[in-house]
Amino acid sequence: MPRNHALARRARLTLKDLEGTRIRILKRHRGANDTAWDLSEQCPAIDLIDIDHYDLDTFNDCAESGDLLISKPMWAGIHPQLVNVTVDWPEPVIMHYGLLYPLDATPVIRAFISRIAELSCLVNGPPRQADMM
């Protein structure tokens, strides 16, 4: 949120705190914000604005307009006029990350993906090429 926003000095926010604000949020199925969407949507006093992606224009627009932005922790500090404030969601809001790689990945890449799957405790490992077609 913009540094000069009334909520910017708070350590944590609740959905009630966000009533009366405009919040930009990634469209459904575009970044694992669906739980945040569902929870925010239950508060009609919050005006949700769909965005396609995060970029510097989005951050600049929020800084200028006063709109809030549901973002990932990795974006903290990306813009000098914005600050991140944690939301105490009524249920966990998890934003998954993944790896992108070609369908015809080389054996070295496939071995790397398999190792990542092992380390992250994925039960079935990475999808096989035949499963992706």
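Everything numeric in this text was worked out from a predicted model, so none of it was measured.
No continuous path of hydrophobic side-chain contacts links Ile25 to Ile49 [ILVMFWY only; heavy atoms under 4.5 Å]. Linking Ile, Leu, Val, Met, Phe, Trp and Tyr residues whenever their side-chain heavy atoms come within less than 4.5 Å leaves Val108 and Ile116 in two separate clusters.
Between Phe59 and Tyr54, the angle of the ring planes stays under 30°, which puts this pair in the parallel group of the 30/60° scheme.
Between Ala8 and Val83, the shortest heavy-atom contact is CB-CG2, 3.9 Å. The shortest non-hydrogen separation linking Cys62 to Pro2 is O-CG, 3.3 Å. Contact between Thr21 and Ile23 at its shortest, heavy atoms only, is OG1-CG1, 3.6 Å. Between Val85 and Leu7, the shortest heavy-atom distance links the atoms CG2-O, 4.2 Å. When all heavy atoms of Leu48 and Glu41 are compared, the closest pair comes out as CD1-N, 3.9 Å.
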Go through the steps for Met1 and Leu13 under the test side chain to side chain contact (heavy atoms under 4.5 Å, CB included), then give the verdict.
-> CA-CA 12 Å; Met1 70 179 60; Leu13 300 172; 3.5 Å; yes
Derivation of the salt bridge (charged side-chain N to carboxylate O under 4.0 Å, His left out) call for Lys27 and Asp50 | CA-CA 5 Å; Lys27 290 180 181 177; Asp50 277 336; 5.5 Å; no
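Interatomic distance, Arg22 CZ to Asp67 CG, rounded to the nearest 0.5 Å: 4.0 Å. Within the model, atoms CZ of Arg115 and CD1 of Ile113 stand 13.0 Å from one another, a figure rounded to the nearest 0.5 Å. Here the CG-CZ distance, from Asp17 to Arg10, works out to 4.0 Å after rounding to the nearest 0.5 Å. Here the OG1 atom belonging to Thr58 is positioned 8.5 Å from the CG atom belonging to Asp52, to the nearest 0.5 angstrom. Here CG of Leu18 is found 6.5 Å from CD1 of Ile70. Values are rounded to the nearest 0.5 Å. To the nearest 0.5 Å, the span separating CG on Leu68 from NE2 on His5 amounts to 4.5 Å.
Counting only distance, with no hydrogens or angles, the side chain of Arg3 and the backbone of Pro80 share a donor-acceptor pair below 3.5 Å. In this structure a side-chain-to-backbone donor-acceptor pair under 3.5 Å is present from Ser65 to Asp61. The closest donor-acceptor contact from the side chain of Trp37 to the backbone of Leu26 lies under 3.5 Å.
The shortest distance between side-chain heavy atoms of Leu69 and Ile51 falls below 4.5 Å.
With respect to Lys16 and Asp88, no salt bridge is recorded, no charged nitrogen being found less than 4.0 Å from a carboxylate O.
Counting non-hydrogen atoms of neighbouring residues, nucleotides and ligands closer than 6.0 angstrom, the CZ atom of Arg9 reaches no more than 12 such neighbours.
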